[in-house]
Structure formats: C-alpha cells, structure tokens
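From a predicted model like this one, the values you see are computed outputs, not experimental measurements.
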Amino acid sequence: MEVEYSVQSVQDQVTPSRHNDATSLPAPTRAMSISELRWNIFQMVDAGSYARNMTLLALALTCKSFTEPALDLLWRELHGLSPLIRCLPSSLWKLNGPKPHLNFMRSMTLDDWSIFCKYNHRIQALHITYPGGHIIGPEIWYTLNRAPFPLPLLPNLISLGWSDDRSEQFPYIQLFVTHKLMTLKIQTSFFEDLDLSKRSILTCIPILYPSASYFVGDTDPRDASIALHCGPHLSLDAGLISEANLLYISHLRSLRVLTLHLPWAPIASDTQNLLQHSAFCALQELHVACHGLAPLGAFLETLTIAPKVLSFTIYEGEDSSWALMALISRLSKVRAHSALEHLQVGIDSVMVGTSISAATFEPLYAFRNLRKLDFSSGYDVELDDAILLQMTKTWPLLEIFSITGKYTHAVTANAFVSLLQHCPRLTSVGITVDWSAVDRREISSGILCRGFTHTALSRADFSYSRIHHVITIAAFISAIAPKLVDIVAWPYVFSDADPDFGKYYPRWEVVQRLVKSFSIVREQEREKILNAGGAVGGDAIGSGKDSEDYSGGESDISFPSDSSDEE
C-alpha cells in the first residue's frame with residue numbers, strides 16, 4: 001500500500017534537509033520512493049502556461065495520490081495575486097472598470113480564509129507587476145493586511161519580484177517577505193516618490209531577512225544604499241550608469257551579479273585609475289550593454305576581475321576588426337583564467353562585408369574552463385577546420401558553442417564531427433557548415449561518422465549553411481546526434497535582405513521535421529529490440545485504492561489561471 005505524505009514531505013523532496021541521510025544520497029545509490037518518483041514525473045510536464053496548467057489540473061483530479069504534488073506545481077509560481085483571489089468564492093470579488101480592476105464586494109469570512117490557506121503555502125515565487133494582469137484594489141490589500149493568522153501571507157515564499165511603481169502599494173511588500181526568502185527583485189524607478197516612512201521599509205528588510213538578494217534597477221544606486229549594503233549576495237541591475245555611480249557600486253563587497261549600460265562617452269582616466277583598487281572584488285557575473293566597442297574597451301582597460309560569467313551587448317559594431325581584437329585581447333588579461341566559464345558577445349549594426357580573422361579569438365584560448373562561448377555578430381568570420389579543431393581541443397568542457405554569421409572560409413562536415421568528438425558535454429551548437437561532403441542523393445552509413453554518436457547535443461543552429469538533399473542531410477545529422485530535437489538555420493530577421501533565404505530556409509524546415517521523425521523511428525526500433533524477449537508482467541499503474549476517480553462529483557480544486565493564459 002502506498003504511504004500517504006504531507007505537503008511538507010513534498011517540499012522536503014524539492015529541497016532535501018541536510019539531516020535527512022536517505023534523501024541526501026546520490027540517486028544511483030538508493031531506491032527512490034513512490035512519492036519521489038511521482039514528483040519527478042510531474043515535474044516533467046511541459047512548461048507552457050495554460051496548457052501546462054490544464055495538464056496538471058487533470059492530474060490533480062485523477063486520484064488522491066496525484067492531488068498534492070499536482071497542486072504544488074500548479075501554485076509554485078504566480079504572476080500577480082489575481083489567481084489566488086479568484087480561487088475564492090465568486091460572491092467575494094468582482095472585476096470592473098475600463099481596466100481589469102479586482103475588488104472585494106464583502107468582507108472575508110473564516111471559510112474564505114480557509115480556502116485561501118489551501119493554496120497560499122504552495123506558492124514559492126510571486127511576481128507583482130504594474131501594469132500587467134489585474135489591478136488589485138485597495139480594499140483587497142487592506143483585507144490581506146489583516147489576515148487572521150500570523151504573517152507572512154505566503155509562508156513558503158523564496159522568490160519575490162516587485163515592479164509595481166505605484167508608491168502607495170509598496171508598504172504591502174512586508175506581507176510577503178519571509179525568512180525563507182532568497183531572491184528579492186525590486187524595481188526602484190519609483191524611489192523618488194517614496195517618503196521617509198516607505199524608504200525605511202527597504203532599510204528594515206535586509207536587516208530582518210539577511211538571506212535575501214537584492215535586484216535594484218532604473219535609479220541612482222545610492223538611493224537604496226542602506227539596503228544594498230546589507231545584502232550578502234547582491235545582484236544589481238544599474239541601468240544606464242554614470243561614472244560616479246559606477247565608482248560607488250564598485251566598492252560594494254557583497255556585489256555578485258552586475259548588469260549595467262555604459263554611457264556613450266568613454267570612461268575618464270581618473271575613474272579608470274580609481275577602478276584599479278579592489279573594484280568589484282567579489283563579482284561573479286558581469287553583463288554590460290553599450291553603443292560601441294570603445295566605451296566597453298575603456299571600461300575593461302584597468303579591471304582585474306575574475307567572474308564566472310561575462311556578457312557583452314554592443315549595439316553598434318565597428319567597421320574594422322581592430323577594435324574587436326583589442327577588446328578580446330583585454331579579456332585575456334583578467335586576474336584568473338580558470339574562473340571564466342561563460343562568455344557571450346553580441347554585436348549589431350556592422351557594415352556588410354566586414355570580416356574578422358580567426359586570430360581575433362586566440363586570446364580566449366587562455367580560458368581553459370569555458371563552458372559556454374556565444375559569439376553573434378554581423379561580421380564575416382574567417383573560420384576554417386584547423387581553427388575550429390584548435391578551439392575544440394582547447395575547450396573540451398564546452399556545453400554551448402556558437403559562432404554564428406557568414407563564414408569566409410569553409411567549416412566542413414568532418415570538422416563538425418570533430419567538434420562533437422572533442423566536446424562530449426556539448427548540448428547546443430551554432431555554426432555554419434559546408435555540407436558538400438555528405439550532401440548527395442544516396443545515403444551512406446559509413447561516411448565521416450563511422451558509427452560515432454554524440455548523445456548530449458539537443459539543439460543546433462546551422463546559420464547560413466547551404467544544402468540540397470534534405471533527406472541525406474537529415475539522416476546524417478540524426479545518425480551523429482540522435483538526441484538532437486531542435487534545428488534552426490537562416491535567421492528569419494534577414495529574410496528580406498538575403499536572396500538565398502527563400503531557397504534554403506524551407507529546406508532546413510524539412511530537415512527539422514525529418515530528424516524528429518527519424519528519432520521516433522529509432523526509439524521504436526529500440527523498444528522492439530527490448531521487447532523481443534517477451535513482455536514483462538506486472539500490475540497496472542494506477543490500480544488500487546489510491547486510484548479513486550474524482551470525476552464522480554464536483555471538485556473544489558482550483559488552479560492559478562488568468563484570462564491572458566486562455567488567450
């Protein structure tokens with residue numbers, strides 16, 4: 001007989017206690033309980049808003065043993081309070097006004113609160129945004145602030161996002177801050193409208209709840225200086241930043257993640273000198289956007305940071321490759337080559353025909369532990385088999401590798417296979433390939449791959465690759481990467497500018513469908529082989545007392561839905 005379990009037991013499975021020796025063991029060394037297995041299966045339900053919710057609701061209505069885990073997943077993350085309010089009796093609330101305002105028509109009773117408590121403990125992430133979704137009326141906030149049980153309203157909340165810029169709503173943030181809170185994202189563009197009493201709330205939150213991280217953006221970071229100083233693992237979105245603010249945040253020792261937009265003008269030499277002294281000493285992620293390579297180069301000139309993640313977005317690339325080469329060369333001068341794991345560079349607005357040589361990437365060879373390299377630009381890239389082989393030998397830990405764009409040299413199918421051979425962890429690749437060696441009418445099982453398969457690759461962007469025989473290409477790709485399910489090529493954004501788009505884009509769409517079909521056939525063949533020895537007997541899944549059907553009566557189960565989901 002299956003053992004019944006509580007909500008707390010489900011939560012313990014998601015975040016096992018350090019004192020629970022059984023659940024702390026690695027999966028291969030212990031047997032999974034029925035409840036753990038069921039929870040893992042439920043988590044595999046495809047994400048996708050309304051369709052996902054309907055699937056989980058159907059599971060919740062199937063049998064008693066499915067109800068709790070299905071409801072936990074349904075209510076784990078909410079966008080706004082509207083779904084929680086609308087699960088209450090319809091006699092309590094109403095929608096009115098030109099905008100979807102949600103208001104109470106009467107006072108909440110103890111029965112109403114009992115329904116509320118059926119779902120509030122399941123919510124782990126809440127996002128309060130404005131505008132967006134239904135507008136919660138003041139009488140609802142007033143009622144929630146007087147709940148007949150100890151606050152917070154959502155006792156198991158671990159992530160809270162607040163981007164409602166109406167300052168009169170901000171004090172209610174205290175209703176949701178829990179001791180379990182790990183992430184607090186606050187949109188602070190409305191700070192200038194906050195009086196001293198409301199600002200004091202920000203001062204108290206990090207003192208009372210020191211485990212929370214703070215994401216603050218679209219304002220002068222010094223406006224929230226007290227809160228920022230208290231966060232032990234601070235993540236900051238500073239928006240368009242001035243040099244004074246840049247110097248200020250560079251000395252926040254708790255700063256772990258920084259996102260900023262550099263001004264047009266390069267950073268002054270005096271500011272650069274000040275940034276040399278222990279700037280961003282604990283930074284783990286840096287995301288920078290700017291309008292040209294020069295400001296970014298000046299910003300990186302004197303930094304000696306050692307982050308794990310670097311991301312650059314340049315809106316206007318240079319018509320010469322020299323500035324890019326200088327930028328990448330500066331990256332190689334960071335303090336610790338072993339630290340950098342993810343590097344992403346995106347460059348827009350480059351003059352057609354501007355090329356960069358493979359030597360541009362050579363300084364990156366110093367980063368031996370790269371897991372992700374994503375380089376997208378309008379440049380023509382001089383990348384060939386020899387350079388690609390050098391890259392793959394240098395970065396054997398790669399999980400994501402993408403250098404998209406038009407190539408002035410050929411990267412052959414043989415080099416593509418070598419890439420997969422040298423990078424066994426690769427899950428996503430973006431590269432233009434010359435498929436001429438395998439692009440023929442006849443399908444040859446022995447050409448190039450010689451039985452080699454790469455079982456980790458699931459996504460491929462073949463950019464501007466030209467092909468003619470879609471069946472042969474699909475068969476070859478499917479044989480090499482049998483787990484590949486997502487294939488794209490020929491960016492649609494350039495459909496009007498490139499005359500070859502109409503020829504090759506449809507062919508790659510056919511390849512995508514064929515690869516999926518081949519994968520299904522291959523799986524059927526495996527099942528046929530496994531079943532050749534006879535079917536394995538056993539009891540049917542779902543038999544027994546716990547398979548009680550809920551369809552016999554009216555259900556009181558609610559799930560977080562919104563009109564926008566149904567659309």
Side-chain angles (χ1 to χ4, degrees), residues 15 124-125 127 157-163 177-188 191 202-203 205-262 267 274-290 296 299-300 302-313 331 333-345 367 369-374 399-400:
T15 308
Q124 298 182 14
H127 311 282
L157 197 69
I158 59 176
S159 177
L160 173 61
W162 193 282
S163 57
V177 180
T178 71
H179 287 283
K180 298 180 180 181
L181 197 68
M182 297 299 296
T183 301
L184 175 59
K185 302 180 182 180
I186 306 178
Q187 174 82 17
T188 57
F191 267 23
L202 269 181
T203 305
I205 288 175
I207 297 174
L208 297 175
Y209 310 101
S211 61
S213 300
Y214 291 84
F215 293 70
V216 185
D218 296 338
T219 187
D220 188 332
R222 290 172 290 184
D223 288 342
S225 58
I226 297 177
L228 295 180
H229 276 303
C230 296
H233 300 285
L234 172 64
S235 298
L236 174 62
D237 184 347
L240 182 61
I241 196 167
S242 66
E243 291 189 12
N245 288 339
L246 182 63
L247 287 174
Y248 170 76
I249 64 175
S250 69
H251 294 94
L252 295 175
R253 295 188 175 276
S254 59
L255 187 61
R256 299 294 188 270
V257 180
L258 174 61
T259 302
L260 57 87
H261 194 301
L262 291 175
I267 296 176
L274 292 173
L275 287 175
Q276 294 184 43
H277 305 288
S278 302
F280 307 110
C281 59
L283 200 64
Q284 296 179 356
E285 294 187 26
L286 175 61
H287 307 271
V288 182
C290 58
L296 180 58
F299 173 63
L300 298 174
T302 55
L303 292 182
T304 56
I305 58 177
K308 291 184 178 180
V309 178
L310 279 175
S311 174
F312 304 126
T313 301
L331 292 180
K333 298 177 182 178
V334 297
R335 185 173 62 209
H337 291 154
S338 60
L340 187 64
E341 295 181 359
H342 293 186
L343 175 60
Q344 184 170 352
V345 180
F367 304 106
N369 290 321
L370 268 186
R371 266 71 167 176
K372 174 181 177 179
L373 176 62
D374 187 349
E399 298 170 5
I400 298 176

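- Contact between Cys290 and Leu262 at its shortest, heavy atoms only, is CB-CB, 4.0 Å.
- The ring pair (Phe, Tyr, Trp, His ring centres under 6.0 Å) test applied to His287 returns no partner, not counting sequence neighbours.
- The CD atom of Glu399 sits 6.5 Å away from atom CZ of Arg371, with the distance rounded to the nearest 0.5 Å.
- The side-chain heavy atoms of Phe280 and Leu258, taken from C-beta on, include a pair separated by under 4.5 Å.
- Shortest non-hydrogen contact noted between Leu157 and Ala125 is CD1-N, 3.7 Å.
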**Request:** Let me see the working for Leu340 and Leu370 under side-chain contact (heavy atoms from CB on, under 4.5 Å), right down to the final yes or no.
**Result:** CA-CA 6 Å; Leu340 187 64; Leu370 268 186; 4.2 Å; yes
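- Residue Glu285 holds its CD atom at 9.5 Å from OG of Ser311, rounded to the nearest 0.5 Å.
- Remark: His342 pairs with no residue by the side chain to side chain donor-acceptor pair (under 3.5 Å) rule, at least two apart or across chains.
- The CG atom of Leu160 lies 9.0 Å from the OG1 atom of Thr178; values are rounded to the nearest 0.5 Å.
- When side chains are defined from C-beta on, Leu255 counts as touching Leu283, because their heavy atoms get closer than 4.5 Å.
- To the nearest 0.5 Å, the span separating CZ on Arg256 from NZ on Lys308 amounts to 11.0 Å.
- Summarising the geometry of Ala339 relative to Ala306, their closest heavy-atom pair is CB-O, 3.7 Å, with the distance given to 0.1 Å.
- A side-chain contact (heavy atoms from CB on, under 4.5 Å) with Leu310 is found for exactly one of Leu300, Leu286, Val345, Val288, namely Leu286.
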**Message:** For a side-chain contact (heavy atoms from CB on, under 4.5 Å) check, start with the C-alpha distance between Phe367 and Leu343, then their side-chain angles and the critical distance, and finish with the verdict.
**Reply:** CA-CA 10 Å; Phe367 304 106; Leu343 175 60; 5.8 Å; no
